[in-house]
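This report refers to the structure that appears directly beneath it.
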Amino acid sequence: MLHLDKMSCGYGNLTVVEDLSFNIARGEIFALIGANGAGKSSTIMSIAGHVQVKSGKILFKERDITSVPVTKRVSLGIAIVPEGRRLFTDMSVSENLAMGCYSLPKSRLSRNRDKVLELFPRLKERINQQASSLSGGEQQMLSIGRALMAEPELLIIDELSLGLMPKVIDLCYQAITALREQGVTILLVEQNTTRALEVAERICVLESGRDVWQGTAAKACDDPELIKAYLGLNQE
Amino acid sequence: MLFVNLCMQGLLQGGIYALIAIGLTLVYGLLRILHVAHAGLYTLGGYIAVIVTNTTGSFSLGLMTSMLAVGLVGMVIYRLIYQPILDKPPFVALIASIGLFIALEEIYRIIFGPYGITFAAVPLQGAVNFAGTYLRECEIAAVLLATLLIAALTLFTKHSRIGIAWRATVTDPEMSQSFGVDVVKVRYLNFFIGSAMAAGAGSMVALMNNLVEPTMGSVPSYKALAIIVLGGLGNVRGTLIAALVIGIAETFGTIYLGDYLDRDSIAFAFLILVLMVKPTGLFAKG
């Protein structure tokens, strides 16, 4: 589904991620793990088209999308749930969802909105409320819902659990699992390693812009050195 | 009766200010540029309305031609003046805008002469008794035009896909791009609508005063700046309310404070007072 081939990306003269390669299969949850500043967000923002790719390629459904403009990537099937949600705060829940569907024919709006509201019933109660008035958890649900309105084949999620209560994190991860069952491929960036390893099939560990480990989540959990050095998990 | 009369005059003046200031605040909201040259487009609107009306005998045609042509000029200004310097600090665009405004005034002076032009036969000058107050037809037309344009803008931004995308772009251009919005097209649309509204105001003021002169935009340029600061920079609803408040304050101030304050200084006295209490303006976001 998604293939990064020795991709380097960055801002101006600064290269943040160097020679990163990985494959994500259709219907898989793939997690990018690493400390702050490791290059996780830059990697996904380059896949979404916001960060300049300096060398290498990004292939999506076997098509080279490295130089496809950011506005066209959503039509190809890539949608993003950004870090910090970045909702259109002056707009209502309904309008935010409509924005998610902007690249699709208007006729799909109602059907997609019903699907999102089925996944997150709490948004139904808030449908005419301004996005800025929602709680953190509701905002994250809206951010995911907005991305789902675009009918993505690849859903990129940056820091799903950041700043949320454990109960809300559970709800969001339940939604992620449900989406996988519907066949949506998910690229997850997460500092909460425990949660990421629970849902992801495979992970890639980044450090200072380079990948230091790739493999299945199960294998990562069995590697004490990896756990100690990068994952910060309790080894009891 | 004087109270009602002053309220009507204030709303009329406020409506005209709103048409000018909304365009200015739209540009600020989207690009964070203080588009001072906007008032130059207001003057251009007046010139085109007078020339087309004198040529064809139809003010309606003059008004529509003026709004359409000035809307397009606004898009050209964005493309040639602002787009190349968007990545520069905001003061660069401000200096460019002030320079453009001065250049526009001088161009009008060279082309149309320093004394201004008038309608050959001034339309809509009959008096209408409105709740015991006599208003000229052109004044009623100005209020109707302001109401119509502002209502249309509100409906457009609330209920059309492009309008919602426009508001999303104002909030977060990068994210709106992620969902397929072409930000450059939104900017063109922004300049077209803002400039067309200023042209509408310029046409109506030309009609009410039966005069368009090169410096007609000078006072509205700084007054519109005061209004958008009062309304909370980038806030359309706040700008509309601030424009009406300033219009009414000026009309009442001229009668009751006229011995102490010039009419044009009232807006700034009001601005200073408000900023002393609320430095972000009356309706600032966040």
Proximity breakdown for [X] and chain B, heavy-atom pairs closer than 4.5 Å:
X: Arg73(A); result: neither
X: Leu104(A); result: backbone
X: Thr89(A); result: both

Item to check | Residue Ser176(B) versus chain A: region with a heavy atom under 4.5 Å | outcome: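 The answer is both parts of Ser176(B).
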
Next on the checklist: If you apply the rule side-chain contact (heavy atoms from CB on, under 4.5 Å), what do you find for Lys223(B) with Tyr17(B), and how did you get there?
Outcome noted: CA-CA 8 Å; Lys223(B) 215 171 274 185; Tyr17(B) 288 156; 3.0 Å; yes

Next on the checklist: Test of understanding: with ring-ring contact (aromatic ring centres under 6.0 Å, His included), list the residues that count as partners of Phe192(B), not counting sequence neighbours.
Outcome noted: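 Listed in chain order: nothing, the list is empty.
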
Item to check | Greater than 12 external heavy atoms within 6.0 Å of Lys278(B)'s NZ | outcome: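 Atom NZ in Lys278(B) is packed in, count exceeds 12.
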
Checklist entry - Using the ring of each side chain (for Trp, its six-membered ring), is Phe179(B) parallel, tilted or perpendicular to Phe88(A), with breaks at 30° and 60°? => result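 The arrangement is perpendicular - the two ring planes meet at more than 60°.
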
Next on the checklist: Can you see whether Tyr173(A) engages Glu190(A) through a side-chain donor-acceptor pair at a distance of less than 3.5 angstrom?
Outcome noted: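 Indeed, the side chains of Tyr173(A) and Glu190(A) share at least one donor-acceptor pair under 3.5 Å.
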
Next on the checklist: Below 4.5 Å, heavy-atom pairs only: which of Pro82(A), Gly49(A), Ala98(A) has the largest tally toward chain B?
Outcome noted: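 Of the options given, most contacts go to Pro82(A).
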
